[in-house]
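The next block holds one structure in the form of structure tokens; read it before the comments.
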Amino acid sequence: AFYMFGDAVIGNFVWMMASMPMLVLTSKLVPKGLEATTYALLAGFQNFGSVASSQIGIYASQYMGIQTTAPCNFENLNTLVLVCHCLLPLLCIPLTFLLIPNKKM
């Protein structure tokens with residue numbers, strides 16, 4: 001019961017508190033009068049990313065042969081977790097230098 005309560009309530013609260021500095025910084029960086037538009041774009045991209053990551057996770061699980069229905073098969077789960085949670089986020093480092101412009105504000 002505590003796990004379900006923690007995941008449904010406390011998890012969302014912690015995520016909101018963790019995203020608060022990003023939202024405050026964004027509201028200070030955007031031009032005056034565009035705060036709501038920027039927030040709407042950020043929320044839209046976060047929702048799209050959430051849906052896309054769920055779908056990609058489903059296809060990756062199927063590709064690796066992981067089955068959660070009887071008969072269960074979690075043989076390749078450790079490989080999938082290593083790739084998706086450790087190796088793929090490392091791609092953000094070189095992409096940072098490619099996608100963020102080198103301009104002074």
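Being a predicted model, the structure only gives us computed values, none of them experimental.
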As a test of understanding, state which of Thr26, Leu25, Val24 forms a side-chain contact (heavy atoms from CB on, under 4.5 Å) with Met22. Thr26

Side-chain donor/acceptor pairs under 3.5 Å, residues 68-89, sequence neighbours excluded:
residue: Asn73; atom: OD1; partner: Glu75; partner atom: N; Å: 3.1
residue: Asn73; atom: ND2; partner: Gly65; partner atom: O; Å: 3.2
residue: Asn76; atom: ND2; partner: Met64; partner atom: O; Å: 2.7

Apply the hydrophobic cluster definition, ILVMFWY joined by side-chain contacts under 4.5 Å directly or through others, and give me every member besides Leu95. Leu98, Leu99

Partner residues of Tyr59 under the side chain to side chain contact (heavy atoms under 4.5 Å, CB included) criterion, sequence neighbours left out: Gln55, Gln62

Scanning both residues in full, the closest heavy-atom pair of Thr96 with Cys92 reads OG1-O, 2.6 Å

With a 3.5 Å cut-off and sequence neighbours excluded, list the donor-acceptor pairs that the side chains of residues 35-47 form with protein atoms.
residue: Glu35; atom: OE1; partner: Gly33; partner atom: N; Å: 3.1
residue: Thr38; atom: OG1; partner: Leu34; partner atom: O; Å: 2.8
residue: Asn47; atom: ND2; partner: Ala43; partner atom: O; Å: 3.3

Side-chain cluster (under 4.5 Å, hydrophobic types only) that Trp15 belongs to, other residues: Met16

